[in-house]
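Below: one structure, written as structure tokens.
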Amino acid sequence: DGAERGSASKPGISVSSGGGSGHTFPISPSTVLKIQKGDITVWSVDRSTDAIVNAANEKMLGGGGVDGAIHRAAGPELLEACRKVPEVQPGVRCPTGEARITPAFRLPVSHVIHTVGPIYDVDKQPEVSLSNAYRNSLKLAKENNIQYIAFPAISCGVYRYPYKEASGIAISVAKEFPDAFKEVHFVLFSDELYGVWLESANELL
Ligand code: ADP
């Protein structure tokens, strides 16, 4: 898809790699941010330097929403790998705002990065926790030589984070990593989320 990326000279008008159409925004000479609608469990670029991010919970043993979908698609090996992640407190493998990495097993990517976003109405500083979740996921990806990474809308499901604020944080934190990745994708599951993410990208990029 080099030709596709090469044609992405005009911000916001292009197609994406990794399946489906979307919008492309260069954030540096070597990195593009892509916003697309879709199912993150089928997203893939090259199966060796790509990763999807899971909106997990602190136990890291699966759950509903995107977490459930990722575990179903990855197969039971993912749950076994998550169990092996050491607990930092009883029952807590990944505190809110932190990130952990595992292989991706039956998913078409190399790794899953598990992060935990804030529960919007419970967290005392939800914007700090959400930005930490994005930032620590990107740091961990970089440390593991990931070149292509895809995020869902962390905390925008049962954790009830307002979409507009969440999208602003997601895009702002991605901009903190201008040359670390070839592509940073946001894969949004609904038209509404997709529209809000696009609006923020047009404002911030
Ligand atoms: P959280 O607990 O962090 O709120 P959820 O899984 O409830 O996590 O929701 C996070 C976001 O993931 C929601 O916006 C939801 O629409 C979205 N989502 C659910 N399934 C998928 C999927 N297969 N691909 C991408 N996004 C998904």
Side-chain angles (χ1 to χ4, degrees), residues 16-23 33-45 50-75 78-79 82 91-100 102 104-109 111-123 125-138 140 148-171 173-174 183-201:
S16 68
S17 62
S21 62
H23 286 249
L33 196 150
K34 296 197 176 199
I35 295 176
Q36 63 197 84
K37 201 189 146 192
D39 177 352
I40 204 165
T41 66
V42 299
W43 182 90
S44 170
V45 174
D50 51 1
I52 62 167
V53 178
N54 181 18
N57 55 53
E58 292 189 333
K59 289 192 178 76
M60 268 185 74
L61 297 179
V66 72
D67 193 7
I70 287 172
H71 274 272
R72 276 194 297 280
L78 182 61
L79 185 59
C82 286
V92 176
R93 291 181 179 75
C94 184
T96 298
E98 294 190 15
R100 301 288 186 268
T102 66
F105 304 101
R106 300 176 203 181
L107 287 163
V109 288
H111 290 87
V112 178
I113 291 173
H114 307 261
T115 192
V116 181
I119 301 173
Y120 187 72
D121 294 328
V122 172
D123 200 295
Q125 291 184 292
E127 64 292 337
V128 173
S129 297
L130 189 64
S131 57
N132 284 340
Y134 280 104
R135 192 174 296 114
N136 286 318
S137 296
L138 289 165
L140 190 56
Y148 303 88
I149 184 166
F151 286 93
I154 295 163
S155 286
C156 290
V158 296
Y159 286 4
R160 317 266 310 169
Y161 211 106
Y163 294 176
K164 191 63 195 279
E165 287 86 337
S167 63
I169 289 169
I171 291 161
V173 176
E183 298 180 7
V184 177
H185 291 228
F186 293 100
V187 180
L188 292 321
F189 206 51
S190 69
D191 287 327
E192 191 186 352
L193 274 167
Y194 176 67
V196 172
W197 243 257
L198 219 46
E199 192 179 273
S200 287

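Hydrogens, waters and symmetry mates are skipped; everything else that's a heavy atom, side chains included, is used. Along the sequence shown, the residues carry numbers beginning at 1. Since the model is a prediction, treat every value here as computed from it, not as a measurement. Atoms within a ligand are numbered from 1 in the order they appear, just like the ligands themselves.
Aromatic ring pairs are classed by plane angle as parallel below 30°, tilted from 30° to 60° and perpendicular above 60°; the pair H185 and W43 is perpendicular.
In this structure a side-chain-to-backbone donor-acceptor pair under 3.5 Å is present from N57 to G62. Using a distance-only test at 3.5 Å, with no hydrogens or angles considered, a donor-acceptor pair links the side chain of D50 to the main chain of V45.
To the nearest 0.5 Å, the span separating CG on L130 from CD on Q125 amounts to 13.0 Å. The line from CG of L107 to CG of L78 is 7.0 Å long, rounded to the nearest 0.5 Å. To the nearest 0.5 Å, atom NE2 of residue H23 and atom NZ of residue K34 are 12.0 Å apart.
Within the set G65, A153, A55, S155, the minimum heavy-atom distance to atom 10 (C) of ligand 1 is found for A153. Of the candidates V66, T115, V187, it is V66 that places a heavy atom closest to atom 21 (C) of ligand 1.
With hydrogens left out, the protein atom closest to atom 17 (C) of ligand 1 is F189 CB, 3.9 Å, a heavy atom. The protein heavy-atom contact nearest to atom 14 (O) of ligand 1 is L193 CD1, 3.1 Å. In this structure, atom 24 (N) of ligand 1 lies nearest to the protein heavy atom I40 N, 2.9 Å. Protein heavy atom nearest atom 7 (O) of ligand 1, with residue, atom name and distance: V158 N, 3.0 Å.
Applying the 4.0 Å criterion to heavy atoms of D39 picks out, from ligand 1, the atoms 22 (C), 23 (N), 24 (N). Listed by number with element, the atoms of ligand 1 under 4.0 angstrom from any heavy atom of G157 are 4 (O), 5 (P), 7 (O), 9 (O), 10 (C), 13 (C).
Summarising the geometry of V116 relative to P95, their closest heavy-atom pair is CB-O, 4.2 Å, with the distance given to 0.1 Å.
With a 4.0 Å cut-off on non-hydrogen atoms, N57 does not touch ligand 1 at all.
Not one N or O of D67 is nearer than 3.5 Å to an N or O of ligand 1, by distance alone.
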